[in-house]
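For reference, the structure is listed below as structure tokens.
For clarity, every value in this text was computed on a predicted model and none was experimentally measured.
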Amino acid sequence: MTSRKHVCQIVPPYLMQRLDAGRLDQDNAFRAARAEHLTRVLAQAPAPEAGETTAEAGDWTVYTANNGTDLPGEKARAAGEPESGDESVDEAATGITGSLALFEEVYGRDSYDGRGIEVVMTVHYDRDYANAFWDGTQLVFGDGDGEIFQRFTKAVDVIGHELSHAVTEHSAGLVYQGQPGALNESMSDVFGSCLKQRLLGQSADEADWIIGEGLFTESVQGVGLRHMLEPGTAYDDPTLGKDPQPAHMDDLYDGTDDNGGVHINSGIPNRAFALAAKAIGGNSWDGAGKIWYAALTNGAVTTDTDFAGFAAATIAEAGDQAEAVTTAWSEVGVTPASGAPESDGEAPTMVKVRRSGGFLGRTKEGAAELAPSAAHVTALRNLIAQRDVTPSKPKGADRYIYEFEVDGRKVVVHEGDMSPELRAVANELLES
């Protein structure tokens, strides 16, 4: 199955532009080339059989690119092996071990796909590369430029942030644009911060709520990339400018830069989470963290959910803490969407499939009403989020063409692109 992946980077493009005007063009060119490469690789790779996992739970491998750009690079350390002596390699190992433990021990999730897939990481990417990213298949970390940024493995929440992009991609599949994209970024900051606080043994009241603390060199006037509790205060520097994140919907950025402000407007849901965590009390990963994770993964949040929709989803999952969560969203100017599905008694979602083509030219259709949180519904929503608007080129003549529809949105998949799991969904719907 061909997928469309977004390269999610922790340093926003507006900062990259300030660092080096040419670096943003280089990054954009890289992202386009990498996305094209991933499309080819994923189209050619055999899909796993039902129930098959690619690695044991908790598996990870750290590679080094040796300041080149070939990925994943040369193997440096794997799970269960001793420290390598390379600072970046060992920081990556510590960060990913803690990240996987957070998702498994607190949220019951086995790796980012929920099936124990191995996590692949690369350090020492490129020369003076001032960024870290998830590219749809692995995590990548640069060493920084030495002037503004230090190595990106130095801040453990950056590692948690990037892994969380993979979790979001394999659950709600929030599109990387506008408010859904800002929620995507916020989810990564939320679980990155939960990781940092868990490793430090801090309560929500004790936490500094800074994302990327320690990344800046001493020459920068700032404490980190973002401040979840006080958005807009992370830095104010002659080179970087002032942190542009809003803390309230009144100041929502509505321009087209940064994919519609995904790194900017994430300050609003970030502050809502920090306020909720402090109001609930105790530690963030067990309190507000469990509520946010449940909202992200229970099927109520879809690819295009906005702030109001996500607020409603968190309140529906909050139980006795609903008042604290509602107040937190109110303080950032977000009014929860009315009529949002709750975790119990959800209205069914109509899922349809239409199979046309084939040598005989026969068309067959099927449909079923499923719970919004059903695996088939989530899988199709993720597929719609990942596919291009136009269908891919058919692979072979006289083969079937499938059109899936969920939430009123459609996606076309050619038979040659069907994974075993997607084929099973189609067959079940066609027989219903």
Side-chain angles (χ1 to χ4, degrees), residues 8 10 55-64 76-123 132-134 138-141 150-171 185-204 206-215 224-226 228 270 273-274 277 282-290 292-293 296-297:
C8 302
I10 194 163
E56 293 297 321
D59 269 5
W60 49 263
T61 304
V62 180
Y63 296 81
T64 175
R77 185 180 169 188
E81 295 180 353
E83 292 191 357
S84 67
D86 182 312
E87 201 165 28
S88 293
V89 169
D90 294 332
E91 286 171 342
T94 298
I96 200 61
T97 299
S99 297
L100 291 172
L102 170 69
F103 281 106
E104 183 168 9
E105 295 169 10
V106 180
Y107 309 125
R109 189 180 189 89
D110 190 0
S111 191
Y112 61 80
D113 69 341
R115 297 174 58 194
I117 191 172
E118 177 189 16
V119 180
V120 177
M121 313 172 71
T122 297
V123 299
F133 60 85
W134 158 254
Q138 70 161 96
L139 314 181
V140 182
F141 302 88
Q150 302 185 67
R151 64 188 183 279
F152 278 74
T153 53
K154 187 173 182 179
V156 72
D157 50 350
V158 172
I159 297 170
H161 175 105
E162 298 306 334
L163 183 71
S164 299
H165 274 307
V167 172
T168 296
E169 182 177 296
H170 285 261
S171 53
E185 276 297 323
S186 180
M187 291 300 97
S188 285
D189 280 353
V190 161
F191 296 117
S193 187
C194 284
L195 166 66
K196 173 183 171 181
Q197 294 173 36
R198 188 173 192 240
L199 292 178
L200 293 175
Q202 294 176 333
S203 68
E206 294 168 337
D208 62 20
W209 295 102
I210 296 168
I211 298 297
E213 181 193 18
L215 287 185
L225 286 176
R226 291 180 283 279
M228 295 184 66
N270 273 2
F273 177 81
N283 63 65
S284 63
W285 60 91
D286 272 329
K290 285 186 175 178
W292 257 241
Y293 178 79
L296 179 69
T297 59

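Between atom CD1 of residue I211 and atom CG of residue N270 there is a gap of 6.5 Å, rounded to the nearest 0.5 Å. Atoms CD and CG, from E169 and D113 in turn, are 11.0 Å apart once rounded to the nearest 0.5 Å. For the atom pair S88 OG and Q150 CD, the distance stands at 11.0 Å (nearest 0.5 Å). Separating the SG atom in C194 from the CH2 atom in W292 is a distance of 10.0 Å, to the nearest 0.5 Å. For the atom pair L195 CG and L100 CG, the distance stands at 10.0 Å (nearest 0.5 Å). W60 contributes atom CH2, which lies 13.0 Å from atom CG of L163 (distance to the nearest 0.5 angstrom).
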Query raised in the report: Does the pair H165 and E185 meet the rule for a side-chain contact (heavy atoms from CB on, under 4.5 Å), with working shown?
Result: CA-CA 8 Å; H165 274 307; E185 276 297 323; 3.1 Å; yes
Query raised in the report: Checking salt bridge (Lys or Arg N to Asp or Glu O under 4.0 Å) for the pair K196/D208: CA distance, chi angles, key distance, verdict?
Result: CA-CA 10 Å; K196 173 183 171 181; D208 62 20; 3.0 Å; yes
Report task. Please test V119 against L139 for side-chain contact (heavy atoms from CB on, under 4.5 Å), starting from the C-alpha separation and ending with a verdict. Result -> CA-CA 8 Å; V119 180; L139 314 181; 4.2 Å; yes
Requested in this report: Might you work through the side-chain contact (heavy atoms from CB on, under 4.5 Å) test for T153 and E87, ending with a clear yes or no?
Outcome: CA-CA 9 Å; T153 53; E87 201 165 28; over 6 Å; no
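Residues satisfying the side chain to side chain donor-acceptor pair (under 3.5 Å) test with W285, not counting sequence neighbours, are N283. Scanning for side chain to side chain donor-acceptor pair (under 3.5 Å) contacts around S99 gives an empty result, with sequence neighbours left out.
The shortest heavy-atom contact between G201 and E206 is O-OE1, 4.0 Å. Y63 and T61 get closest at one heavy-atom pair: CE1-CG2, 3.3 Å. The heavy-atom pair separating L199 from G98 by the smallest distance is CD2-CA, 4.4 Å. Annotation for S84 and A76: closest pair CB-O, 4.2 Å, computed over non-hydrogen atoms. Nearest heavy-atom pair, E91 versus I159, reported as atom, atom and distance to 0.1 Å: O-CD1, 3.5 Å. Contact between A204 and W209 at its shortest, heavy atoms only, is O-NE1, 3.1 Å.
Counting only distance, with no hydrogens or angles, the side chain of S111 and the backbone of I117 share a donor-acceptor pair below 3.5 Å. In this structure, the side chain of E162 engages the main chain of W134 through a donor-acceptor pair within 3.5 Å. Side-chain N or O atoms of D90 include one that pairs as donor or acceptor with a backbone N or O of G85 at under 3.5 Å. A donor-acceptor pair under 3.5 Å is absent between the side-chain atoms of S193 and the main chain of D189, judged by distance alone.
Side chains of V156 and T94 form no contact here, defined as non-hydrogen atoms less than 4.5 Å apart.
In this structure, F191 and Y107 have perpendicular ring planes: the angle between them is above 60°, well past the 30° mark.
Pairs passing the ring pair (Phe, Tyr, Trp, His ring centres under 6.0 Å) check and including a residue from residues 82-102, sequence neighbours excluded, do not occur.
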